[in-house]
Every structure is written in C-alpha cells, then in structure tokens.
Number of protein chains: 2
Amino acid sequence: MASNFTQSLSANRAGCAGCYLRHFCLSADLNDAETEIFSSHIVSQRRVPKGEILFRAGDPLDTLFITRLGSFKSSVLNENGSEQVTDFHMTGEVLGAEAIPTGYHICTVTALEDSEICSLRYRELEAFCDRDLKIARQFRLLLGRKIVAAHQNLLILGCTNSTQLLASFLLNLARKFEARGFSKSEFVLRMTRGELGSFLGLKLETVSRTLTHFDELNLIEINQRHVRIINLEGLKAVAKESGRAKRKTSQE
Amino acid sequence: MASNFTQSLSANRAGCAGCYLRHFCLSADLNDAETEIFSSHIVSQRRVPKGEILFRAGDPLDTLFITRLGSFKSSVLNENGSEQVTDFHMTGEVLGAEAIPTGYHICTVTALEDSEICSLRYRELEAFCDRDLKIARQFRLLLGRKIVAAHQNLLILGCTNSTQLLASFLLNLARKFEARGFSKSEFVLRMTRGELGSFLGLKLETVSRTLTHFDELNLIEINQRHVRIINLEGLKAVAKESGRAKRKTSQE
DNA sequence: CGAGTTCTTGAAACCGCTCAAAATGCGTGG
DNA sequence: CCACGCATTTTGAGCGGTTTCAAGAACTCG
C-alpha cells in the first residue's frame, strides 16, 4: 500500500487528466481542453498521512475534498469529550458536503491511513458550476451519491442487535469495495474496533466478540483487521434474519 | 390540522408565487416573471392523504417531491417482510433524492398524516438547472440540506442505549420544529411507537417504556403522541451523558 | 527490542427483547 | 351521541444479549 501511495501521486501530478477516478468525478464529461481549464483552476491534489485532520467541525467551508486513495472517518466531539464516528469514507466520495447549507463544517474528517485527496476550492467550484453545466450536473450526481451512501448507513444502523449491525456493515463494506474494483470477499478494515463500535452504537468489546463469533460460525475469517468473507449468503441471512436464530439450531 | 389542510392548498393554487415555503425552496432567488415560468413548467401541487405512498422502492425517478405540509416516512421492505424506517420528513424537505444516481428509487415514502407535496418533474428540473443558474444553485443547497439531515440522523443512531437514542431523537425533532417556526417544546409525534422503534433500532415496547420513563423523570410530558418538553437541559444531559446515571443517584 | 496501542477474553450486572395481556384511543356505523 | 371493533399503547415478568470492569495477549511503531 505504501508503494501505491508514493506511486499514484507522482503519476497524476497533472491533475484531472490522468486521474484514474476521472470518469466518476466532476470532470467526467469534459473534453481535454475543458478538463485542463477546470483542473488548473479548481483542483489540487495532495497526500494526507494517516491521522491528519482534513477539517474540523466549526471550520469555514473553504474547500471540498474528494478521496482519491485511502480512507477517512467523519466524527463529532461531544461535550463530554467522547468521539462519535458518523461515517467512513472511501475512494471517490466527497468530503465536506455537510457544510454546504451553512458554510461551516459540522464534523471532523481524519485520515485512517496514508491517503490522497483532491482539494476543490468551493467558491471557485460554485462559480465553475455556473459557467459549465457539465460540471454542475456531475456535482449534483456526486451530492446524490452522498445522499445514497447516508441512506445505506441509516439502513445499517436501524438494526437492533450486534449480529445484524456488524453483518450489515460488512456486507455494505464489501459492496463498496466491489464497486471500486477491489475484492468483495477479502479486504482490510481501516478503522479500530472502537471506531467501528462508535459508528454502530456498540462497545468495542462487543464488536470484537461478534466478529470472532462470525469467525466461529465460518461466515468470515478475521485476523486483526484482515477480513475474508467465506459464506456470503450466510452473512446475508444473519443480517436480515427476522427471529433470533443466533447459534446454529441443530434441529428445525 | 384538517382546516390547515384544506385551507393552504386553495390559497396556493397559483404555484410557487404564493407558496409560503418559496424562500427556502428552488425558486427562492427568482424574480416574479422567472418564478411564473418555473412554476408553470415544473411544478404541480397536490394533496396526499394519510397513508398514501408517494413512490416505492424500485420505481423509476420521474418526479422529485418537496413536502409543503405534513410529514412522511421513508422505509425499506426487507425480504422477510418487515418494514425498516430510514427517515422521517417534514416541511421543506426534498423526497426522492436518493434516486438521483441510479434513476430508481431505493426507498418507499408514505404520508404519516394528511399532507401536501409539490411535484417536480425531474427531467425538466435538470433541464431547467442548465438554463437557470439560480435554480441550479438552490437545488445544490437543497441537496446539501438533505446531506446535513442524514448526518444528524447518523449522529442520533450512534447512541448506544434507548435513553440516549430517544432523547437525541426528541431534541432533533424539537430543533426541526423550531427551524420551521413551530414550538420547540410542544409538538405531536406523527409516527407510531413501532415506526419510531424501527428507525431507532428499538422495539416498540422499549420506545413506550423509555418515553414514560422520561415523563416520570419530569423531562417531558407525554400523552399518546402529544409531547411537551419540560426540562430541555435535562433532556440534553440525558442524551449525551457519558456514564449511565440513569436513575437519580441519591448519593455522590 | 520495548512501550504504547489495539484487540481479545472472562465474569457479573444491567438493560432491552420476547411473549403476553390489559388498557386506551380512534373511526365507523348504528 | 353512544357502542363497537380495531389499532395503538402501556405494563408486566423472565430471559438473553450488551455493557461494564478487568486483565492479559497481540500487534505496531519508533
């Protein structure tokens, strides 16, 4: 992953033109000349080492970000000092859109691993939307994707017990990896058990126990943060089971 | 409320021009002539009686809706037949935006009470965005608001116990009422205990018990669906308490 | 290799769920 | 206007699952 990290940035210093995400991003519909203009006026790419904070709750909205490589978490700090994770972000997602209505960020975004982002000056982006309808359309599409992602998170969090919560979360994660061209059956969790628990409304011990429980049931293999989904259908069954057939019921 | 229902529609047959929501909606920045054009091409208002379904998961995205009066729920049907509520909607919210990326709705939206909606033909709206930048900007703003609303729901659902879940939900609801010019301390829940539980990841019995528990603690008064928040600060404290000071601890 | 973080595992208390039944409220029709 | 039936809500008791508290193991990073 480190090699990926150093490699990809140097290969894309040019901006949008050579970006492997281009066709899913704002400049998707632009021709080469337009891309060059857009890229040079709006965009700047840069690395974000693990742990770096892109923006904090309360910061004014100067730039929107798009994840190019790596992963991030959104979180909010409660008055009692505890951190509440509200989302995890992967490649191609817009970061900071929650600030659009008010002009101020309402959550803090942190890199979970060495990552790369694309910075978009928001003012200029808005102005560009006025001049270039293709950018405006694509921007709407990205905002729509954000809404869909949030909706899927709400679906997950509506589950009532740890089994369903974690099964749903893993399935959603697998789908997101698949959509990005990675393996849907084998991947690495970039967040700690604590962050995962904070997102799902569980304690980290419960997350740990439930994951090892899935391992015992041969639904997944899990070593630290490395996950391999063995029995996809079984996991789906667990995620949506109506009753509480937790353990393998020998009869029936 | 029934009088409101019959009254407001007749008063606004003209479209956006006389709509009391206009300044928070798509036509906010248009002058009278532009509003007339936009309104006549895109918009149609209509009543939606309680229980009516605006669209179902799987339906193609023909029209977006904006709540003018009343309230709605979004839900998804699991394969086992159970309904999962993913959101509640109030005045001024866009309904159907989750369908923008794919062109197909991914949830079902149902009126929780006699309501009024504004229908926007999506194709025409997109075309209008290309012609009128003010509409495009305002549309982005509405999508941004949707993202913010989803984020706040995620914050609520990250809570770990029924007390915090319900306290957070009530506070969020109060804030939404306040933002719409209604009382933030006295309002009516438009959803059943079951729907509320489905959204929060709790069983309806737990919802009922927790609400009466709040009543016993003199945080709220609740009669059926009528809620009055008596001790706002206390409710906030309960929503974000780090420990589990559930009952009034006499010592310490 | 060592220090700190992260993860796992255990036991007990607590909380939310399940199942069950009664009470309340609401709409419809008499 | 009242009575009836149905949906919603409340309440109870017992069980099971999640949290809490605690300690040890495994991993990461300098």
Side-chain angles (χ1 to χ4, degrees), chain A residues 1-2 49-51 73 82-83 85 110 112-114 157-167 188-217 220-227 238 241-247 249, chain B residues 1-2 49-51 73 82-83 85 112-114 157-167 188-216 220-227 238 241-247 249:
Chain A
M1 186 52 78
K50 175 177 176 175
K73 68 171 175 184
S82 66
E83 180 195 46
V85 175
T110 313
L112 292 174
E113 60 184 311
D114 287 343
L157 292 170
C159 292
T160 60
N161 59 47
S162 67
T163 317
Q164 292 178 15
L165 278 165
L166 269 160
V188 173
L189 301 175
R190 291 301 174 180
M191 68 294 288
T192 68
R193 302 288 192 264
E195 288 163 342
L196 192 38
S198 171
F199 175 66
L200 294 176
L202 298 170
K203 295 296 161 180
L204 69 93
E205 297 95 326
T206 307
V207 172
S208 177
R209 272 187 257 264
T210 307
L211 287 176
T212 59
H213 184 220
F214 284 167
D215 193 320
E216 289 164 9
L217 292 175
I220 66 172
E221 271 177 28
I222 182 156
N223 295 91
Q224 292 296 117
R225 301 195 185 174
H226 188 96
V227 176
V238 164
E241 68 190 1
S242 54
R244 66 269 150 83
K246 188 74 171 298
R247 313 265 161 188
T249 50
Chain B
M1 185 52 78
K50 175 177 177 175
K73 67 171 176 183
S82 66
E83 180 195 47
V85 175
L112 291 174
E113 59 184 313
D114 287 343
L157 292 170
C159 292
T160 59
N161 59 47
S162 67
T163 317
Q164 292 178 15
L165 278 164
L166 269 160
V188 174
L189 301 175
R190 292 300 176 181
M191 69 292 290
T192 68
R193 301 288 191 265
E195 288 164 341
L196 192 37
S198 171
F199 175 66
L200 294 176
L202 298 169
K203 295 295 161 180
L204 69 91
E205 296 96 327
T206 306
V207 172
S208 176
R209 270 187 258 264
T210 306
L211 287 176
T212 59
H213 184 221
F214 284 166
D215 193 318
E216 288 164 9
I220 66 172
E221 271 178 28
I222 182 156
N223 296 90
Q224 292 296 116
R225 302 194 185 173
H226 188 96
V227 176
V238 164
E241 68 191 0
S242 54
R244 64 270 149 83
K246 188 76 170 298
R247 313 266 161 189
T249 50

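The basis for the numbers below is simple: all heavy atoms, side chains too, and nothing from hydrogens, waters or symmetry mates. Residue numbers begin at 1 in each chain, while the letters A, B, ... track the order of the sequences.
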Q. Touch check for A:Leu202, heavy atoms < 4.0 angstrom, all strands: base, sugar-phosphate only, or nothing?
A. sugar-phosphate

Q: Check every strand shown and say whether B:Gly197 touches a base, only sugar-phosphate, or nothing at a heavy-atom separation below 4.0 Å.
A: nothing

Whole Å only: how far is the [atom1] atom of [X] from the [atom2] atom of [N]?
| X | N | atom1 | atom2 | answer |
| --- | --- | --- | --- | --- |
| A:Leu211 | C:dT6 | CG | C1' | 14 Å |
| B:Glu241 | D:dT19 | CD | C1' | 14 Å |
| B:Met191 | D:dT8 | CE | P | 14 Å |
| B:His213 | C:dC14 | NE2 | C1' | 14 Å |
| A:Leu165 | D:dT19 | CG | C1' | 15 Å |
| A:Glu113 | C:dT6 | CD | P | 16 Å |
| B:Leu166 | C:dG16 | CG | C1' | 12 Å |
| B:Leu204 | C:dA20 | CG | C1' | 13 Å |

(Q) Quiz question: by atom type and distance under 3.5 Å, do the side chains of B:Ser162 and B:Thr210 form a donor-acceptor pair? (A)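 Yes.
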
(Q) Can you build the contact string for nucleotides 23-29 of chain D? Use B for base contact, S for sugar-phosphate-only contact, and - for no protein heavy atom under 4.0 Å. (A) ----S-S

Q: Give a yes/no answer on whether the side chain of A:Ser162 brings an N or O atom under 4.0 Å of OP1 or OP2 in D:dT18.
A: yes

Q.
Measuring to OP1 and OP2 of C:dT8, would you say a side-chain N or O of A:Ser208 lies under 4.0 angstrom away?
A.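 Yes, because at least one side-chain N or O of A:Ser208 sits under 4.0 Å from OP1 or OP2 of C:dT8.
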
Q | Stepwise side-chain contact (heavy atoms from CB on, under 4.5 Å) check, A:Gln224 with A:His226 | A | CA-CA 6 Å; A:Gln224 292 296 117; A:His226 188 96; 5.9 Å; no

Q: Please name the pair of heavy atoms, one in A:Thr110 and one in A:Gly51, separated by the smallest distance, quoted to 0.1 Å.
A: CG2-O, 3.5 Å

Q. Taking five pairs at each end, how big is the angle between the two axes of the helix from C:dC1-D:dG30 to C:dG30-D:dC1, to 10°?
A.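 What I find for the helix from C:dC1-D:dG30 to C:dG30-D:dC1 is an axis angle of 60°.
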
Please tabulate the protein-to-nucleotide N/O contacts below 3.5 Å involving nucleotides 12-14 of chain D, giving atom names and distances.
unit_1: D:dG12; atom_1: N7; unit_2: B:Arg209; atom_2: NH1; d: 2.9
unit_1: D:dG12; atom_1: O6; unit_2: B:Arg209; atom_2: NH2; d: 3.2

Q: On DNA chain C, check which nucleotide each of B:Thr206 and A:Thr192 is closest to and give me the residue with the more 5' one.
A: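 It is A:Thr192 whose nearest nucleotide is closer to the 5' end.
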
So how far is it from [X] [atom1] to [Y] [atom2], rounded to the nearest 0.5 Å?
| X | Y | atom1 | atom2 | result |
| --- | --- | --- | --- | --- |
| A:Asp215 | A:Glu221 | CG | CD | 6.5 Å |
| A:Leu196 | A:Leu166 | CG | CG | 5.5 Å |
| B:Phe199 | B:Leu157 | CZ | CG | 4.5 Å |

Side chain of [X], backbone of [Y]: donor and acceptor closer than 3.5 Å?
| X | Y | value |
| --- | --- | --- |
| B:Asn161 | B:Gln164 | yes |
| A:Asp114 | A:Lys50 | yes |
| A:Ser198 | A:Val85 | yes |

Q: Name the closest nucleotide to the A:Lys203 side chain, picking from D:dT20, C:dC7, C:dT9.
A: D:dT20

(Q) If you only use heavy atoms from C-beta on, which nucleotide in C:dC17, C:dG16, C:dT8 is closest to the side chain of A:Thr160? (A) C:dC17

(Q) I want to confirm an ordering. Mapping B:Asn223 and A:Gly201 to their closest nucleotides on DNA chain D, which one lands closer to the 5' end? (A)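 Residue closer to the 5' terminus by nearest nucleotide: B:Asn223.
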
Any protein N or O atoms within reach of nucleotides 1-4 of chain C? Criterion: under 3.5 Å, listing atom names and distances.
none

Q: With sequence neighbours excluded, tell me which residues meet side chain to side chain contact (heavy atoms under 4.5 Å, CB included) with B:Arg193.
A: B:Leu189, B:Leu204, B:Val207, B:Leu211, B:Ile222, B:Arg225

Q | For A:Glu195, salt bridge (charged side-chain N to carboxylate O under 4.0 Å, His left out) partners two or more places apart | A | A:Lys73

